[in-house]
Undergrad: 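Got a structure here, written out as structure tokens. Questions coming.
Remember, it's 1-based here, ligands and their atoms both numbered in the order they're listed. Bear in mind the structure is a predicted one, so any value in this text is a computation, not a measurement.
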Amino acid sequence: QAKENGRGLVEVFDVDASTRSRDRLDIRSDLQRALERNQLSVHYQPIWALDSGEIVSFEALVRWHHPERGPIGPDVFIPFAEETGAIVEIGRWVMAQACRQLVSWQQRFPGRPLGINVNVSPAQLRRPEVAADLLAAIRDTGVEPADVWLEVTEHSYVHDDVTQWATALRASGAHFALDDFGTSYCSLAYLKRFPIEGLKIDRSFVSGMVDGSADRSIVRAVLAIAESLDLRVVAEGIETEEQREMLIELGCRTGQGYLMSRPVTADEATALLIPVQGSSHRLTA
Ligand code: C2E
Ligand code: MG
Ligand code: MG
Ligand code: MG
């Protein structure tokens, strides 16, 4: 028992714990101000047509550059933002940024079909007012709502409020895709209750697919479900040429991953859209 091991040790534990909780408090309060201090930015990861090598959409991924701690990933700070409610403002801002960026790409590359994917967290879905809020952000930018895909995760609550929430956005023309598909137990129920039009196959299945027959079967099954329910499929986390080829073979038409491109700044993303003279647009790693 810690107490019997002497006072010093107990203090060490205490300092540790209090440092950790101070850290958490700091991050929480810093996050409240991150937006107004311009510490957030949006990066874009292209989503490709796997066969033609054309970019069909970009996924907007938020980044936080903390002045002292450096870059903090969304996997770390989004949960804090959900806890404090800052996610509402951050989510609205990301949506507006991403839609404005899409409009600017569409103006620069007219006639090129291009969409934008924006992540929406469970905490946003849980608040009824956020639907109207996001819709306003979409409309204000002048983007065609049909070019906007909202990515929701499976563990988001599916209750009647959420269904209403989604219906209002869906009515505007915007689409919903289920992110990280297959990682949660309620996936299939979700498909019935939510106006879902797309699935994103979770990276874990894509990475296990080449060596593991179970993962490959799951990918095949997801593609079959998608086909029969008329859903669009995006494979996430493609890191090797082998994975890309196998996905094409299995009939998966679109995907994203480090093999083709990491998430990049808006300017770098623009450069990816400029056709390379005399060659196809396909990129290598
Ligand atoms: P996600 O929506 O599933 O996004 C995919 C994540 O996988 C991204 O991490 C992306 O950088 C990473 N990724 C893409 N291709 C590869 C690959 O080939 N290999 C590997 N290992 N990773 C790859 P990121 O940007 O750190 O985002 C993590 C999560 O944070 C996202 O997962 C999403 O759930 C959340 N998130 C990011 N931006 C936002 C946002 O604006 N709003 C909300 N609510 N959540 C966000
Ligand atoms: Mg996503
Ligand atoms: Mg995902
Ligand atoms: Mg994820």
Undergrad: Just to be sure I'm reading this right: ignoring hydrogens, which of Trp64, Phe77, Tyr258, Trp93 gets closest to atom 18 (O) of ligand 1? Compare them by their nearest heavy atoms.
TA: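 Among Trp64, Phe77, Tyr258, Trp93, the closest heavy atom to atom 18 (O) of ligand 1 comes from Tyr258.
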Undergrad: Got an N, O or S from Asp180 under 2.8 Å of the Mg ion (ligand 3)?
TA: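 Checking Asp180: at least one N, O or S atom is under 2.8 Å.
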Undergrad: Could you tell me whether the side chains of Ser29 and Gln32 share a donor-acceptor contact shorter than 3.5 Å?
TA: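 Side chains of Ser29 and Gln32: no pair found under 3.5 Å.
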Undergrad: Can you tell which of Val42, Ile238, Asp75 gets a heavy atom nearest to atom 29 (C) of ligand 1?
TA: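 Looking at heavy atoms only, Asp75 sits closest to atom 29 (C) of ligand 1.
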Undergrad: Within the structure, is a non-hydrogen atom of Lys200 found at a distance of less than 4.0 Å from ligand 1?
TA: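 No, Lys200 has no heavy atoms under 4.0 Å from ligand 1.
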Undergrad: Determine, considering heavy atoms only, which of Arg262, Gln243, Arg203 sits nearest to atom 21 (N) of ligand 1.
TA: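 The residue whose heavy atom sits nearest atom 21 (N) of ligand 1 is Arg203.
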Undergrad: Can you list every pair that meets side chain to side chain donor-acceptor pair (under 3.5 Å) and has a residue in residues 95-109, with sequence neighbours left out?
TA: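 Found Gln97-Arg100, Trp105-Thr270, Gln106-Asp147.
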Undergrad: Under 4.0 angstrom from ligand 1, any heavy atom of Gln256?
TA: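 Contact absent.
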Undergrad: Going by the closest heavy atom to atom 46 (C) of ligand 1, which one wins out of Asp180, Val206, Asn119?
TA: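 Among Asp180, Val206, Asn119, the closest heavy atom to atom 46 (C) of ligand 1 comes from Asn119.
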Undergrad: Salt bridge (Lys or Arg N to Asp or Glu O under 4.0 Å) between Arg92 and Glu89: does it pass, once the steps are laid out?
TA: CA-CA 5 Å; Arg92 182 197 306 133; Glu89 233 182 303; 5.1 Å; no
Undergrad: I need the full list of side chain to side chain donor-acceptor pair (under 3.5 Å) pairs touching residues 245-256, with sequence neighbours left out, sorted by first then second residue.
TA: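 Every side chain to side chain donor-acceptor pair (under 3.5 Å) pair that includes a residue of residues 245-256, provided the two are not neighbours, is Gln45-Gln256, Glu59-Gln256, Lys200-Gln256.
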Undergrad: What do you reckon, does Arg63 put a non-hydrogen atom under 4.0 Å from ligand 1?
TA: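 It does; at least one heavy atom falls under 4.0 Å.
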Undergrad: Hey, what's the angle at the Mg ion (ligand 2) spanning OE1 (Glu151) and OD1 (Asn119), nearest 10 degrees?
TA: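 Vertex the Mg ion (ligand 2), arms to OE1 of Glu151 and OD1 of Asn119: 90°.
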Undergrad: Taking the Mg ion (ligand 3) as the vertex, what is the angle from OD1 of Asp179 to OE1 of Glu236, given to 10 degrees?
TA: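 It rounds to 90°.
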